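So the structure is just underneath, and the comments pick up after that.
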Amino acid sequence: MEFPAEPFKIKVVEPLHMSTREERARLIQEVGYNVFNLPSESILIDLLTDSGTSAMSDNQWAGISMGDESYAGSRNYYNFERTVRDIFGFQHIIPTHQGRMAENLLFSIVLKPGQVIPNNTHFDTTRANIEHKGGKALDLIIDEGLDPNSEHPFKGNMHLERLKDLILERGKEQIPLVMITITNNSAGGQPVSMDNIRETSQLCHEHGIPLLFDACRFAENCFLIKEREEGYSDKSVKEIAAELFSLGQGCTMSAKKDGLVNIGGFLALDSDLWTQQATNLLILIEGFPTYGGLAGRDLEAMSRGLQEVLNEDYLRFRINQIRYLGEQLISEGIPIVKPVGGHAVYLNAKEFLPHIPQEQFPGQALTVALYREAGIRAVEIGSLMFAHEDEETGETHYPELELVRLAVPRRVYTSMHMNYVAKSIVGVYRNRDQIKGLRIVEEPPFLRHFSARLEEVP
Ligand code: P70
(Lines give C-alpha, C1' and ligand atoms only; values in the text may rest on other atoms or scores of the structure.)
Protein backbone atom coordinates (compact mmCIF):
# COMPACT_ATOMS: atom_id res chain seq x y z
CA MET A 1 0.00 0.00 0.00
CA GLU A 2 1.44 3.35 -1.08
CA PHE A 3 1.88 6.02 1.62
CA PRO A 4 0.55 9.14 -0.10
CA ALA A 5 2.81 12.15 0.46
CA GLU A 6 1.11 15.54 0.58
CA PRO A 7 1.90 17.62 -2.55
CA PHE A 8 1.92 20.82 -0.46
CA LYS A 9 3.76 22.34 2.50
CA ILE A 10 2.06 23.58 5.65
CA LYS A 11 2.28 27.34 6.21
CA VAL A 12 -0.32 27.98 8.91
CA VAL A 13 -1.30 25.49 11.58
CA GLU A 14 -4.41 25.14 13.70
CA PRO A 15 -3.99 23.20 16.97
CA LEU A 16 -6.13 20.14 17.61
CA HIS A 17 -7.84 19.74 20.95
CA MET A 18 -7.36 16.70 23.11
CA SER A 19 -10.12 15.36 25.36
CA THR A 20 -10.65 12.30 27.53
CA ARG A 21 -13.07 9.45 26.93
CA GLU A 22 -15.00 10.48 30.08
CA GLU A 23 -15.44 14.05 28.80
CA ARG A 24 -16.64 12.81 25.45
CA ALA A 25 -19.04 10.25 26.96
CA ARG A 26 -20.63 12.99 29.06
CA LEU A 27 -20.82 15.47 26.18
CA ILE A 28 -22.36 13.11 23.64
CA GLN A 29 -25.08 12.18 26.11
CA GLU A 30 -25.74 15.87 26.86
CA VAL A 31 -26.16 16.70 23.15
CA GLY A 32 -28.67 13.91 22.55
CA TYR A 33 -26.33 11.51 20.75
CA ASN A 34 -26.22 13.77 17.71
CA VAL A 35 -22.73 14.76 16.57
CA PHE A 36 -24.08 17.88 14.82
CA ASN A 37 -24.70 19.29 18.31
CA LEU A 38 -21.08 18.92 19.46
CA PRO A 39 -18.77 21.92 19.79
CA SER A 40 -15.98 21.42 17.25
CA GLU A 41 -13.36 21.99 19.94
CA SER A 42 -14.40 18.72 21.56
CA ILE A 43 -13.31 16.84 18.43
CA LEU A 44 -9.85 15.55 17.58
CA ILE A 45 -10.27 14.53 13.91
CA ASP A 46 -13.34 16.00 12.23
CA LEU A 47 -14.59 13.84 9.37
CA LEU A 48 -18.19 15.07 9.58
CA THR A 49 -17.98 16.54 6.11
CA ASP A 50 -15.70 17.51 3.27
CA SER A 51 -18.02 20.48 2.70
CA GLY A 52 -16.65 23.95 3.44
CA THR A 53 -13.80 22.43 5.43
CA SER A 54 -10.98 22.69 2.86
CA ALA A 55 -7.72 24.47 3.59
CA MET A 56 -7.36 27.30 1.08
CA SER A 57 -4.04 27.87 -0.69
CA ASP A 58 -1.78 30.91 -0.41
CA ASN A 59 -3.03 31.81 -3.90
CA GLN A 60 -6.64 31.78 -2.70
CA TRP A 61 -5.82 33.83 0.39
CA ALA A 62 -4.05 36.33 -1.87
CA GLY A 63 -7.28 36.45 -3.90
CA ILE A 64 -9.24 37.22 -0.73
CA SER A 65 -7.26 40.43 -0.37
CA MET A 66 -8.19 41.35 -3.96
CA GLY A 67 -11.90 41.48 -3.14
CA ASP A 68 -13.83 44.14 -5.07
CA GLU A 69 -16.85 44.70 -2.87
CA SER A 70 -18.85 46.78 -5.35
CA TYR A 71 -22.53 45.97 -5.14
CA ALA A 72 -22.75 45.48 -8.90
CA GLY A 73 -20.17 44.47 -11.49
CA SER A 74 -17.38 43.35 -9.12
CA ARG A 75 -14.23 42.32 -11.02
CA ASN A 76 -14.20 39.13 -8.94
CA TYR A 77 -17.54 38.17 -10.46
CA TYR A 78 -16.10 38.47 -13.96
CA ASN A 79 -13.08 36.32 -12.98
CA PHE A 80 -15.43 33.77 -11.47
CA GLU A 81 -17.73 33.77 -14.50
CA ARG A 82 -14.78 33.30 -16.87
CA THR A 83 -13.45 30.36 -14.82
CA VAL A 84 -16.82 28.61 -14.57
CA ARG A 85 -17.50 29.05 -18.32
CA ASP A 86 -14.04 27.78 -19.12
CA ILE A 87 -14.42 24.59 -17.04
CA PHE A 88 -18.15 23.87 -17.19
CA GLY A 89 -19.04 25.43 -20.54
CA PHE A 90 -22.61 26.49 -19.64
CA GLN A 91 -24.04 29.78 -20.95
CA HIS A 92 -25.25 31.45 -17.74
CA ILE A 93 -23.76 31.40 -14.26
CA ILE A 94 -25.68 32.46 -11.17
CA PRO A 95 -23.59 32.65 -7.98
CA THR A 96 -25.19 31.46 -4.72
CA HIS A 97 -23.94 31.23 -1.17
CA GLN A 98 -23.98 27.43 -1.28
CA GLY A 99 -25.33 24.42 -3.14
CA ARG A 100 -28.78 24.20 -1.59
CA MET A 101 -29.64 27.72 -2.74
CA ALA A 102 -28.85 26.66 -6.31
CA GLU A 103 -31.22 23.71 -5.73
CA ASN A 104 -33.87 25.97 -4.21
CA LEU A 105 -33.76 28.36 -7.21
CA LEU A 106 -33.78 25.54 -9.73
CA PHE A 107 -36.66 23.58 -8.24
CA SER A 108 -38.65 26.73 -7.46
CA ILE A 109 -38.75 27.56 -11.18
CA VAL A 110 -38.97 24.14 -12.87
CA LEU A 111 -40.94 21.94 -10.50
CA LYS A 112 -44.71 21.70 -10.10
CA PRO A 113 -46.33 19.65 -7.31
CA GLY A 114 -46.67 15.99 -8.25
CA GLN A 115 -43.80 16.02 -10.75
CA VAL A 116 -40.80 13.72 -10.35
CA ILE A 117 -37.05 14.35 -10.46
CA PRO A 118 -34.99 11.21 -11.09
CA ASN A 119 -31.34 11.10 -10.04
CA ASN A 120 -28.75 8.35 -9.60
CA THR A 121 -29.13 9.15 -5.88
CA HIS A 122 -30.34 12.44 -4.45
CA PHE A 123 -28.38 13.83 -1.55
CA ASP A 124 -30.28 15.01 1.53
CA THR A 125 -30.71 18.71 0.67
CA THR A 126 -31.65 17.95 -2.95
CA ARG A 127 -34.29 15.44 -1.89
CA ALA A 128 -35.60 17.84 0.76
CA ASN A 129 -35.77 20.80 -1.67
CA ILE A 130 -37.75 18.70 -4.16
CA GLU A 131 -40.13 17.31 -1.54
CA HIS A 132 -40.57 20.75 0.02
CA LYS A 133 -41.92 21.98 -3.34
CA GLY A 134 -44.34 19.05 -3.62
CA GLY A 135 -42.23 17.00 -6.03
CA LYS A 136 -41.08 13.41 -5.79
CA ALA A 137 -37.35 12.62 -5.63
CA LEU A 138 -36.56 9.23 -7.22
CA ASP A 139 -33.27 7.35 -6.82
CA LEU A 140 -32.48 5.22 -9.88
CA ILE A 141 -29.02 3.88 -9.15
CA ILE A 142 -27.70 0.64 -10.69
CA ASP A 143 -28.11 -2.49 -8.53
CA GLU A 144 -24.35 -2.76 -7.88
CA GLY A 145 -24.51 0.67 -6.23
CA LEU A 146 -26.63 -0.78 -3.45
CA ASP A 147 -24.26 -3.68 -2.78
CA PRO A 148 -21.43 -2.47 -0.49
CA ASN A 149 -19.28 -5.41 -1.57
CA SER A 150 -19.61 -5.07 -5.34
CA GLU A 151 -16.31 -3.94 -6.92
CA HIS A 152 -18.01 -2.36 -9.97
CA PRO A 153 -15.77 0.61 -10.96
CA PHE A 154 -18.70 3.00 -11.49
CA LYS A 155 -21.18 2.18 -8.75
CA GLY A 156 -22.63 5.68 -8.98
CA ASN A 157 -24.14 4.97 -12.41
CA MET A 158 -27.74 5.67 -13.37
CA HIS A 159 -29.97 2.64 -13.99
CA LEU A 160 -30.76 3.33 -17.65
CA GLU A 161 -33.57 0.80 -18.05
CA ARG A 162 -35.39 2.10 -14.98
CA LEU A 163 -34.95 5.67 -16.18
CA LYS A 164 -36.31 4.71 -19.61
CA ASP A 165 -39.33 2.97 -18.05
CA LEU A 166 -40.00 6.01 -15.89
CA ILE A 167 -39.83 8.37 -18.88
CA LEU A 168 -42.15 6.13 -20.93
CA GLU A 169 -44.57 5.93 -18.02
CA ARG A 170 -44.60 9.59 -16.91
CA GLY A 171 -43.51 11.47 -20.05
CA LYS A 172 -41.73 14.78 -20.21
CA GLU A 173 -44.74 16.64 -18.79
CA GLN A 174 -44.16 14.92 -15.44
CA ILE A 175 -40.34 15.02 -15.52
CA PRO A 176 -39.04 18.60 -15.81
CA LEU A 177 -35.42 17.44 -15.70
CA VAL A 178 -33.16 14.49 -14.93
CA MET A 179 -30.20 14.88 -12.54
CA ILE A 180 -26.93 13.01 -12.15
CA THR A 181 -24.93 13.49 -8.96
CA ILE A 182 -21.16 13.28 -9.48
CA THR A 183 -19.81 11.62 -7.45
CA ASN A 184 -22.76 9.76 -5.92
CA ASN A 185 -22.47 10.89 -2.32
CA SER A 186 -25.32 8.96 -0.66
CA ALA A 187 -24.16 5.68 -2.13
CA GLY A 188 -20.50 5.71 -1.10
CA GLY A 189 -18.92 8.61 -3.01
CA GLN A 190 -18.91 6.40 -6.09
CA PRO A 191 -18.16 7.83 -9.53
CA VAL A 192 -20.39 7.84 -12.61
CA SER A 193 -18.81 6.78 -15.91
CA MET A 194 -18.71 8.94 -19.03
CA ASP A 195 -20.37 6.12 -20.91
CA ASN A 196 -23.31 6.11 -18.49
CA ILE A 197 -23.61 9.89 -18.66
CA ARG A 198 -23.54 9.80 -22.47
CA GLU A 199 -26.31 7.18 -22.59
CA THR A 200 -28.40 9.08 -20.03
CA SER A 201 -27.90 12.24 -22.05
CA GLN A 202 -29.03 10.53 -25.28
CA LEU A 203 -32.11 9.11 -23.61
CA CYS A 204 -33.03 12.52 -22.17
CA HIS A 205 -32.39 14.18 -25.53
CA GLU A 206 -34.68 11.73 -27.36
CA HIS A 207 -37.50 12.67 -24.99
CA GLY A 208 -36.78 16.40 -24.85
CA ILE A 209 -35.90 16.36 -21.12
CA PRO A 210 -32.94 18.46 -19.90
CA LEU A 211 -30.12 16.70 -18.03
CA LEU A 212 -28.51 18.61 -15.16
CA PHE A 213 -25.60 17.66 -12.93
CA ASP A 214 -25.19 17.99 -9.21
CA ALA A 215 -21.53 18.81 -9.73
CA CYS A 216 -20.18 19.21 -6.15
CA ARG A 217 -17.39 16.66 -6.61
CA PHE A 218 -16.92 16.87 -10.38
CA ALA A 219 -13.10 16.93 -10.31
CA GLU A 220 -12.91 13.78 -8.18
CA ASN A 221 -15.40 12.07 -10.50
CA CYS A 222 -13.39 13.11 -13.57
CA PHE A 223 -10.13 11.90 -12.00
CA LEU A 224 -11.74 8.51 -11.32
CA ILE A 225 -12.91 8.39 -14.97
CA LYS A 226 -9.29 9.02 -15.99
CA GLU A 227 -8.11 6.18 -13.73
CA ARG A 228 -10.84 3.64 -14.44
CA GLU A 229 -12.55 4.21 -17.79
CA GLU A 230 -11.08 3.02 -21.07
CA GLY A 231 -9.96 5.79 -23.40
CA TYR A 232 -9.43 8.50 -20.77
CA SER A 233 -5.99 7.80 -19.29
CA ASP A 234 -4.28 10.24 -21.68
CA LYS A 235 -6.83 13.03 -21.32
CA SER A 236 -6.48 15.80 -18.77
CA VAL A 237 -9.08 16.06 -16.00
CA LYS A 238 -10.06 19.41 -17.48
CA GLU A 239 -10.70 17.84 -20.88
CA ILE A 240 -12.71 15.08 -19.25
CA ALA A 241 -14.79 17.67 -17.38
CA ALA A 242 -15.42 19.59 -20.62
CA GLU A 243 -16.67 16.43 -22.32
CA LEU A 244 -18.82 15.46 -19.34
CA PHE A 245 -20.54 18.84 -18.98
CA SER A 246 -21.10 19.07 -22.76
CA LEU A 247 -23.55 16.18 -22.27
CA GLY A 248 -25.90 18.25 -20.04
CA GLN A 249 -27.70 21.57 -20.00
CA GLY A 250 -26.63 22.88 -16.61
CA CYS A 251 -25.61 22.09 -13.06
CA THR A 252 -26.07 22.95 -9.42
CA MET A 253 -22.79 23.30 -7.57
CA SER A 254 -21.76 23.45 -3.96
CA ALA A 255 -18.27 24.91 -4.32
CA LYS A 256 -17.71 23.98 -0.66
CA LYS A 257 -16.49 20.65 -2.03
CA ASP A 258 -14.46 20.71 -5.25
CA GLY A 259 -14.41 24.52 -5.31
CA LEU A 260 -11.92 24.32 -2.40
CA VAL A 261 -13.67 27.15 -0.54
CA ASN A 262 -15.36 27.50 2.83
CA ILE A 263 -18.50 29.03 1.34
CA GLY A 264 -19.90 29.40 -2.19
CA GLY A 265 -21.84 27.75 -4.96
CA PHE A 266 -23.64 28.40 -8.22
CA LEU A 267 -26.36 27.42 -10.63
CA ALA A 268 -25.22 27.17 -14.25
CA LEU A 269 -27.74 26.90 -17.07
CA ASP A 270 -27.91 26.95 -20.85
CA SER A 271 -31.59 27.93 -20.91
CA ASP A 272 -32.23 31.69 -21.28
CA LEU A 273 -35.76 31.36 -19.90
CA TRP A 274 -34.79 29.40 -16.78
CA THR A 275 -31.90 31.82 -16.19
CA GLN A 276 -34.20 34.80 -16.35
CA GLN A 277 -36.64 33.20 -13.90
CA ALA A 278 -33.88 32.05 -11.54
CA THR A 279 -32.25 35.49 -11.62
CA ASN A 280 -35.50 37.21 -10.72
CA LEU A 281 -35.89 34.93 -7.75
CA LEU A 282 -32.21 35.30 -6.83
CA ILE A 283 -32.64 39.06 -6.47
CA LEU A 284 -35.67 38.49 -4.23
CA ILE A 285 -34.16 35.92 -1.85
CA GLU A 286 -30.36 35.84 -2.21
CA GLY A 287 -28.69 38.89 -3.78
CA PHE A 288 -27.79 40.81 -6.91
CA PRO A 289 -26.64 38.58 -9.82
CA THR A 290 -22.99 39.65 -9.61
CA TYR A 291 -22.57 38.53 -6.02
CA GLY A 292 -25.44 36.13 -5.22
CA GLY A 293 -25.15 36.02 -1.44
CA LEU A 294 -21.34 36.16 -1.35
CA ALA A 295 -18.70 38.83 -0.88
CA GLY A 296 -16.51 39.74 -3.87
CA ARG A 297 -13.55 38.12 -2.11
CA ASP A 298 -15.46 34.83 -1.79
CA LEU A 299 -16.03 34.82 -5.55
CA GLU A 300 -12.30 35.33 -6.11
CA ALA A 301 -11.40 32.45 -3.77
CA MET A 302 -13.94 30.24 -5.56
CA SER A 303 -12.60 31.16 -8.99
CA ARG A 304 -9.05 30.29 -7.93
CA GLY A 305 -10.16 27.13 -6.09
CA LEU A 306 -11.96 25.80 -9.16
CA GLN A 307 -8.76 26.16 -11.17
CA GLU A 308 -6.60 24.58 -8.47
CA VAL A 309 -8.80 21.55 -7.99
CA LEU A 310 -7.96 20.42 -11.53
CA ASN A 311 -4.27 20.06 -10.60
CA GLU A 312 -3.63 16.36 -11.09
CA ASP A 313 -0.86 16.04 -8.49
CA TYR A 314 -3.39 17.31 -5.98
CA LEU A 315 -6.14 14.99 -7.24
CA ARG A 316 -3.85 11.94 -7.25
CA PHE A 317 -2.90 12.65 -3.64
CA ARG A 318 -6.50 13.33 -2.68
CA ILE A 319 -7.89 10.09 -4.10
CA ASN A 320 -4.92 8.05 -2.83
CA GLN A 321 -5.14 9.45 0.70
CA ILE A 322 -8.71 8.24 0.99
CA ARG A 323 -7.85 4.91 -0.61
CA TYR A 324 -4.95 4.58 1.85
CA LEU A 325 -7.36 4.93 4.78
CA GLY A 326 -9.83 2.50 3.19
CA GLU A 327 -7.21 -0.14 2.43
CA GLN A 328 -5.93 -0.10 6.00
CA LEU A 329 -9.48 -0.82 7.17
CA ILE A 330 -10.02 -3.56 4.56
CA SER A 331 -6.78 -5.27 5.59
CA GLU A 332 -8.11 -5.42 9.18
CA GLY A 333 -11.36 -7.02 8.01
CA ILE A 334 -13.52 -3.96 8.69
CA PRO A 335 -16.64 -3.77 6.48
CA ILE A 336 -16.52 -0.70 4.23
CA VAL A 337 -18.09 0.19 0.90
CA LYS A 338 -15.85 -1.08 -1.87
CA PRO A 339 -14.14 0.10 -3.96
CA VAL A 340 -13.13 3.24 -2.02
CA GLY A 341 -14.77 6.23 -3.71
CA GLY A 342 -13.93 9.91 -4.07
CA HIS A 343 -14.14 11.95 -0.90
CA ALA A 344 -14.73 9.55 1.94
CA VAL A 345 -14.52 6.05 3.32
CA TYR A 346 -17.94 4.65 4.17
CA LEU A 347 -18.25 2.08 6.96
CA ASN A 348 -20.98 -0.50 6.42
CA ALA A 349 -22.82 -0.23 9.73
CA LYS A 350 -25.19 -3.14 9.00
CA GLU A 351 -22.21 -5.51 8.90
CA PHE A 352 -20.20 -3.68 11.57
CA LEU A 353 -23.06 -3.88 14.12
CA PRO A 354 -25.19 -6.88 13.13
CA HIS A 355 -26.75 -6.94 16.63
CA ILE A 356 -28.43 -3.53 16.19
CA PRO A 357 -31.65 -3.57 14.09
CA GLN A 358 -32.18 -0.80 11.54
CA GLU A 359 -34.93 0.85 13.59
CA GLN A 360 -32.29 1.44 16.31
CA PHE A 361 -30.03 3.38 13.94
CA PRO A 362 -26.87 1.24 13.72
CA GLY A 363 -25.13 3.94 11.65
CA GLN A 364 -25.78 6.59 14.27
CA ALA A 365 -24.77 4.18 17.07
CA LEU A 366 -21.43 3.60 15.32
CA THR A 367 -20.98 7.35 14.77
CA VAL A 368 -21.49 7.92 18.50
CA ALA A 369 -18.99 5.16 19.37
CA LEU A 370 -16.30 6.62 17.08
CA TYR A 371 -16.63 9.97 18.81
CA ARG A 372 -16.74 8.56 22.32
CA GLU A 373 -13.83 6.16 21.90
CA ALA A 374 -11.51 8.18 19.65
CA GLY A 375 -12.69 11.78 19.31
CA ILE A 376 -13.43 11.19 15.62
CA ARG A 377 -16.57 12.83 14.23
CA ALA A 378 -18.13 10.98 11.29
CA VAL A 379 -21.66 11.25 9.92
CA GLU A 380 -24.46 8.74 9.59
CA ILE A 381 -25.81 8.24 6.07
CA GLY A 382 -28.55 5.76 6.77
CA SER A 383 -31.88 5.55 8.56
CA LEU A 384 -31.55 8.73 10.59
CA MET A 385 -30.90 10.70 7.39
CA PHE A 386 -33.16 8.88 4.95
CA ALA A 387 -35.81 6.63 6.59
CA HIS A 388 -39.30 8.02 5.94
CA GLU A 389 -42.93 7.09 6.25
CA ASP A 390 -44.78 5.92 3.16
CA GLU A 391 -47.53 8.48 2.46
CA GLU A 392 -50.11 5.82 1.56
CA THR A 393 -49.40 2.94 3.96
CA GLY A 394 -47.84 4.90 6.85
CA GLU A 395 -45.12 2.24 7.07
CA THR A 396 -41.52 3.30 7.69
CA HIS A 397 -39.34 2.82 4.65
CA TYR A 398 -35.69 2.13 5.55
CA PRO A 399 -32.84 2.85 3.12
CA GLU A 400 -30.99 -0.13 1.70
CA LEU A 401 -27.62 1.23 2.82
CA GLU A 402 -26.77 1.91 6.46
CA LEU A 403 -23.48 3.78 6.26
CA VAL A 404 -21.16 5.88 8.37
CA ARG A 405 -19.18 8.30 6.27
CA LEU A 406 -15.63 9.35 7.14
CA ALA A 407 -15.42 12.41 4.87
CA VAL A 408 -11.91 13.72 4.51
CA PRO A 409 -11.56 17.52 4.30
CA ARG A 410 -9.37 18.64 1.41
CA ARG A 411 -5.70 19.49 2.17
CA VAL A 412 -6.38 19.52 5.94
CA TYR A 413 -5.22 16.24 7.48
CA THR A 414 -1.98 14.38 6.81
CA SER A 415 -1.64 10.71 6.03
CA MET A 416 -0.45 10.23 9.64
CA HIS A 417 -3.88 11.42 10.76
CA MET A 418 -5.34 8.72 8.51
CA ASN A 419 -3.22 6.15 10.37
CA TYR A 420 -4.68 7.36 13.68
CA VAL A 421 -8.22 7.09 12.29
CA ALA A 422 -7.62 3.58 10.97
CA LYS A 423 -6.09 2.38 14.23
CA SER A 424 -8.93 3.84 16.29
CA ILE A 425 -11.60 2.22 14.14
CA VAL A 426 -9.89 -1.14 14.51
CA GLY A 427 -10.13 -0.63 18.30
CA VAL A 428 -13.84 0.17 18.12
CA TYR A 429 -14.40 -2.86 15.87
CA ARG A 430 -12.80 -5.21 18.42
CA ASN A 431 -15.31 -4.05 21.08
CA ARG A 432 -18.28 -3.67 18.75
CA ASP A 433 -20.58 -5.94 20.73
CA GLN A 434 -20.61 -3.30 23.54
CA ILE A 435 -22.21 -0.66 21.28
CA LYS A 436 -25.88 0.06 21.99
CA GLY A 437 -28.72 1.02 19.63
CA LEU A 438 -30.47 4.41 19.79
CA ARG A 439 -34.00 5.79 19.65
CA ILE A 440 -35.27 9.26 18.73
CA VAL A 441 -36.54 11.54 21.50
CA GLU A 442 -37.12 14.71 19.44
CA GLU A 443 -37.12 15.41 15.69
CA PRO A 444 -37.93 18.31 13.31
CA PRO A 445 -40.25 17.85 10.26
CA PHE A 446 -37.51 17.68 7.60
CA LEU A 447 -33.72 17.11 7.42
CA ARG A 448 -34.09 15.63 10.91
CA HIS A 449 -30.54 14.26 11.12
CA PHE A 450 -29.15 17.78 11.53
CA SER A 451 -30.96 18.44 14.81
CA ALA A 452 -32.75 15.34 16.18
CA ARG A 453 -32.04 14.23 19.76
CA LEU A 454 -31.68 10.57 20.66
CA GLU A 455 -31.04 8.31 23.63
CA GLU A 456 -29.41 4.91 24.07
CA VAL A 457 -31.64 1.85 24.14
CA PRO A 458 -30.70 0.02 27.34
C1 P70 B 1 -21.95 16.74 2.66
C2 P70 B 1 -22.80 17.99 2.49
C3 P70 B 1 -23.89 18.75 0.49
C4 P70 B 1 -24.40 18.50 -0.85
C5 P70 B 1 -24.03 17.33 -1.56
C6 P70 B 1 -24.58 17.09 -2.82
C7 P70 B 1 -24.22 15.86 -3.61
C8 P70 B 1 -25.76 19.12 -2.71
C9 P70 B 1 -25.25 19.41 -1.44
C10 P70 B 1 -25.67 20.69 -0.76
C11 P70 B 1 -23.90 18.13 3.48
C12 P70 B 1 -23.58 17.62 4.83
C13 P70 B 1 -23.94 16.34 5.18
C14 P70 B 1 -23.58 15.83 6.41
C15 P70 B 1 -22.86 16.61 7.28
C16 P70 B 1 -22.54 17.91 6.95
C17 P70 B 1 -22.87 18.41 5.71
N18 P70 B 1 -23.35 17.87 1.16
N19 P70 B 1 -25.42 17.99 -3.35
O20 P70 B 1 -21.17 16.71 3.59
O21 P70 B 1 -24.65 21.62 -0.78
O22 P70 B 1 -24.18 22.12 1.64
O23 P70 B 1 -23.44 23.68 -0.17
O24 P70 B 1 -25.84 23.48 0.41
O25 P70 B 1 -23.17 16.44 -1.06
O26 P70 B 1 -22.03 15.80 1.85
P27 P70 B 1 -24.52 22.78 0.34
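Read the numbers this way: they start at 1 and go in the same order the structure lists the ligands and their atoms. Please read these numbers as outputs of a predicted model, since none were measured by experiment. Just the heavy atoms: all of them, side chains too, but no hydrogens, waters or symmetry mates, feed the values below.
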field: ligand 1 N/O within reach of F123 N/O, cut-off under 3.5 Å
entry: no
Which option out of [options] puts a heavy atom nearest to [atom]?
atom	options	value
atom 9 (C) of ligand 1	T125, I381, I263	T125
atom 14 (C) of ligand 1	K256, R405, H97	R405
atom 25 (O) of ligand 1	N185, T96, L447	N185
atom 6 (C) of ligand 1	C216, G265, A407	C216
atom 21 (O) of ligand 1	R217, Q98, R127, K257	K257
atom 16 (C) of ligand 1	T49, T126, V35	T49

- request: Determine, using ring centers only, whether Y77 and Y291 are less than 6.0 Å apart.
  value: no
field: Ring center gap for Y33 and F361 short of 6.0 angstrom
entry: no
task: Evaluate the side-chain contact (heavy atoms from CB on, under 4.5 Å) criterion for residues R228 and F154: first the C-alpha distance (whole Å), next the side-chain angles of each, then the deciding distance (0.1 Å), finally the verdict.
output: CA-CA 8 Å; R228 297 181 187 173; F154 291 102; 3.7 Å; yes
query: For F266 and L294, what are the C-alpha separation, side-chain angles and deciding distance, and is it a side-chain contact (heavy atoms from CB on, under 4.5 Å)?
result: CA-CA 11 Å; F266 58 86; L294 293 166; over 6 Å; no
CZ on R127 to CZ on F446, rounded to 0.5 Å: 15.0 Å
- request: Quickly, which of F8, Y324, Y413 forms a ring pair (Phe, Tyr, Trp, His ring centres under 6.0 Å) with F317? Name it, please.
  value: F8
